[in-house]
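For the numbers below, each heavy atom of this structure counts, side chains included, while hydrogens, waters and symmetry mates do not. Here is how names work: the chains are called A, B, and so on, in the same order as the sequence lines, proteins then strands, and each is numbered from 1.
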Amino acid sequence: MLDPKLLRSDLDAVSQQLARRGFTLDTGTLQTLEERRKAIQVETQELQAERNSRSKGIGKAKAAGEDIAPLLKEVEGLGDQLKAKEQELALLQDELTGLLMGIPNIPHESVPAGKGEEDNPVLRTWGEPTAFGYEARDHVALGEQLGQLDFEAASRLTGSRFCVMQGPLARLQRALTQFMLDTHTRDHGYREVYVPYLVNADSLRGTGQLPKFEEDLFRTSGEADYYLIPTAEVPVTNLARGSILEADQLPVRYTAHTPCFRSEAGSYGKDTRGMIRQHQFEKVELVQLVAPGQSYDALEQLTGHAETILQQLQLPYRVVTLCSGDIGFSAAKTYDLEVWLPGQQKYREISSCSNFEAFQARRMQARWRNPETGKPELLHTVNGSGLAVGRALVAVMENYQQADGSIQIPDVLKPYMGGIEVIEKT
RNA sequence: GGAGAGGUGGCUGAGUGGUCGAAAGCGGCGGUCUUGAAAACCGUUGAGCCGUAAGGCUCCCAGGGUUCGAAUCCCUGCCUCUCCGCCA
């Protein structure tokens, strides 16, 4: 959520900045609602003040043993009048916050202009696309040939966009997960957390998935109204919801491994082959809660932490800066890491690292106590995948494939593979 | 699943219809004393909204209700704890 004060004081400037990302702000409606809200709020508060002082007077009179009947007569009707105003105000406020909750974040000034994915500039490239003396197979061919990756079984068990893995390949995914968690906790100073995979609507509002993107989520149908998490960002960032952190606790760095569930509504026909786009996938997430002055440094740092994983796995990748037209709803700035996939002869997103500034913190009321002012102020939140495990598995399979269809184990994963150095048909 | 007890400020905890945003203690901050520290003593110490300010308003788990007036009474929900049952 944007700062309502900013919207009041600088509506046109906000509107212009949002136009960069292709969002049209309905300034007229906003202004009208805001004016009405203010008028009604003042009236309501005046009535409340009157009720309070009258009631206090009645209390005193009663204590003094006076007859309060005439005083009661005076306040007749005041209650109803107040109730009506309060209801009017509540309605207006609901409408206003509803509108506010649907406004995306303002892109940072350093975010390049652009309309969509094709306008994202490449910031840097690491490694060279892996060369093979033959036409590289994709992970589907590799995995099925090895007899360790099965989409048919998954569609029988559930439906499309799921997979079953077996044997060393299943273990390889676990190895990737362990390696990532170990690296982030040991080398990068993150604290590992285990969190629920089902969350309530408040959490999703906090990080910005609700109210706008309900159709992307799986929702439970039982008595409890819960959602399957689309990313660990939701439960992990919401750990700070409604709390005030002390300055010496910052920065807070969390990492978590969770499955992620996405309905992928609207992506019919996209990436239908393989495990690039699944309803369920594993991800290791990095989250930082930082003082506002630190968030852009933290973004660079966190992006570097995610890159470390790719480098240690010796996977070629590049970093792109999302342009103003491609950036996500809650983010002020985002870097995507794209890994080289020989099977597609393309770079594909494997991590997305964003600074949300105070956008999520305001929705969550996640604050810190600024020692300079002594007052609670909003935190900044930064997060990124470190990395998407499913896609990392795809990348390892495709980049480490050998002519005979076997897959070598990257050196850094060998300690996690129990002596397996090459995945072969078993 | 059955029975019961609760949810109050950073923490412990008092408050069961009126001047209560809320006693007391702890913790925090500032000071006195001290070479320094501790102890003791004094003061101070929740969050948000409107307002230049004075001041006003809201918040005692959440949402409804009763009342001139609700932290306090009633209803619903959520959460926590205890006992029994069941269970990974």
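- Nucleotides G13(B) and U8(B) have their C1' atoms positioned 9 Å apart, rounded to a whole Å.
- D26(A) contributes a side-chain N or O that, together with a main-chain N or O of T29(A), makes up a donor-acceptor pair within less than 3.5 Å.
- In this structure, E246(A) atom CD and G27(B) atom C1' are separated by 12 Å, rounded to whole Å.
- Here A22(B) sits opposite no nucleotide as a Watson-Crick or G-U wobble pair (both hydrogen-bonding atom distances under 3.5 Å).
- F359(A) has its ring centre no less than 6.0 Å from the ring centre of H380(A).
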Evaluate side chain to side chain donor-acceptor pair (under 3.5 Å) for Q288(A) paired with Q301(A), printing each intermediate quantity in order. CA-CA 10 Å; Q288(A) 292 202 26; Q301(A) 187 195 57; 3.1 Å; yes
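- Distance noted for atom C1' between G21(B) and A47(B): 11 Å (whole Å).
- Between the side chain of K62(A) and the base of G18(B) there is at least one donor-acceptor pair of N/O atoms closer than 3.5 Å.
- Straight-line distance from the CZ atom of R362(A) to the C1' atom of G48(B): 14 Å, rounded to whole Å.
- Both distances falling under 3.5 Å, in either a Watson-Crick or a G-U wobble arrangement, place G1(B) opposite C84(B).
- Searching all strands for a Watson-Crick or G-U wobble partner of C59(B) with both distances below 3.5 Å returns G46(B).
- Considering only side-chain N and O atoms, K38(A) lies under 4.0 angstrom from the phosphate OP1 or OP2 of G51(B).
- Side-chain proximity of I58(A) to the nucleotides U66(B), G18(B), C57(B) is greatest for G18(B).
- The aromatic rings of H188(A) and Y190(A) sit perpendicular, their planes meeting at an angle over 60°, well past the 30° parallel limit.
- Spacing between G7(B) and A14(B) at atom C1', rounded to whole Å, works out to 15 Å.
- Atom name P, nucleotides C60(B) and A71(B): the rounded distance is 7 Å, in whole Å.
- A54(B) is unpaired under the Watson-Crick or G-U wobble criterion, no partner having all donor-acceptor distances under 3.5 Å.
- The side chain of R8(A) sits closest to C50(B) out of C50(B), A47(B), U19(B).
- Taking the six-membered ring where the residue is Trp, the centroids of Y296(A) and H108(A) are separated by under 6.0 Å.
- Taking atom CZ of residue R54(A) and atom C1' of nucleotide G56(B), one finds them 17 Å apart after rounding to whole Å.
- Here the rule is side chain to side chain contact (heavy atoms under 4.5 Å, CB included) with M364(A), and of N238(A), D202(A), L379(A), L378(A) only N238(A) fits it.
- Less than 4.0 Å separates RNA chain B from at least one heavy atom of each of the following residues of residues 363-372 of chain A: R367(A), R369(A).
- For U66(B) and U72(B), the P atoms lie 15 Å apart once the distance is rounded to whole Å.
- Residue M1(A) contributes atom CE, which lies 14 Å from atom P of G48(B) at whole-angstrom precision.
- Across all strands shown, the partner of U32(B) is A40(B), judged by Watson-Crick or G-U wobble contacts whose two distances both fall under 3.5 Å.
- Side chain of P376(A), nearest nucleotide from G48(B), G18(B), C57(B): G48(B).
- If you check A14(B) for Watson-Crick or wobble pairing at under 3.5 angstrom, you find it has no partner at all.
- Counting only heavy atoms from C-beta on, S55(A) has its side chain closest to G69(B) among G69(B), G65(B), C57(B).
- For the P atoms, the distance from A24(B) to U80(B) is 33 Å, rounded to whole Å.
- Proximity note for N52(A) (side chain, C-beta onward) versus G18(B), C57(B), C49(B): the nearest is C57(B).
- Taking atom CD on Q93(A) and atom P on U58(B), their separation rounds to 13 Å, with Å as the unit.
- Scanning residues 69-82 of chain A for heavy-atom distances under 4.0 Å to RNA chain B yields L72(A), V75(A).
- Residue whose closest nucleotide on RNA chain B sits further toward the 5' end, between E50(A) and K60(A): K60(A).
- Spacing between C61(B) and G9(B) at atom P, rounded to whole Å, works out to 8 Å.
- The interatomic distance linking Q48(A) (CD) with G69(B) (C1') rounds to 13 Å, in whole Å.
- Residues passing the salt bridge (Lys or Arg N to Asp or Glu O under 4.0 Å) test with R277(A), sequence neighbours excluded: E264(A), D271(A).
- Considering every non-hydrogen atom in both L33(A) and L99(A), the closest pair reads CD1-CD2, 4.0 Å.
- The CZ-P distance, from R205(A) to A62(B), rounds to 16 Å in whole Å.
- Regarding contacts with the backbone of C57(B), every side-chain N or O of K85(A) stays at 4.0 angstrom or more from both OP1 and OP2.
- In terms of position on RNA chain B, the residue among Q87(A) and Y226(A) whose nearest nucleotide sits closer to the 5' end is Q87(A).
- Inter-residue side-chain proximity for T27(A) and V14(A) is flagged as unmet; no heavy-atom pair is nearer than 4.5 Å.
- Atom-to-atom, CD of E86(A) to P of G65(B) comes out at 10 Å; the value is rounded to the nearest Å.
- A heavy-atom distance below 4.5 Å is found between the side chains of P4(A) and L100(A).
- Ring centroids of F213(A) and F329(A) are separated by less than 6.0 Å, placing the two rings close together.
- Under 3.5 Å, the side chains of Q311(A) and Y317(A) contain a donor-acceptor pair of N or O atoms.
- Comparing the P positions of A40(B) and A23(B) gives a spacing of 22 Å, expressed to the nearest Å.
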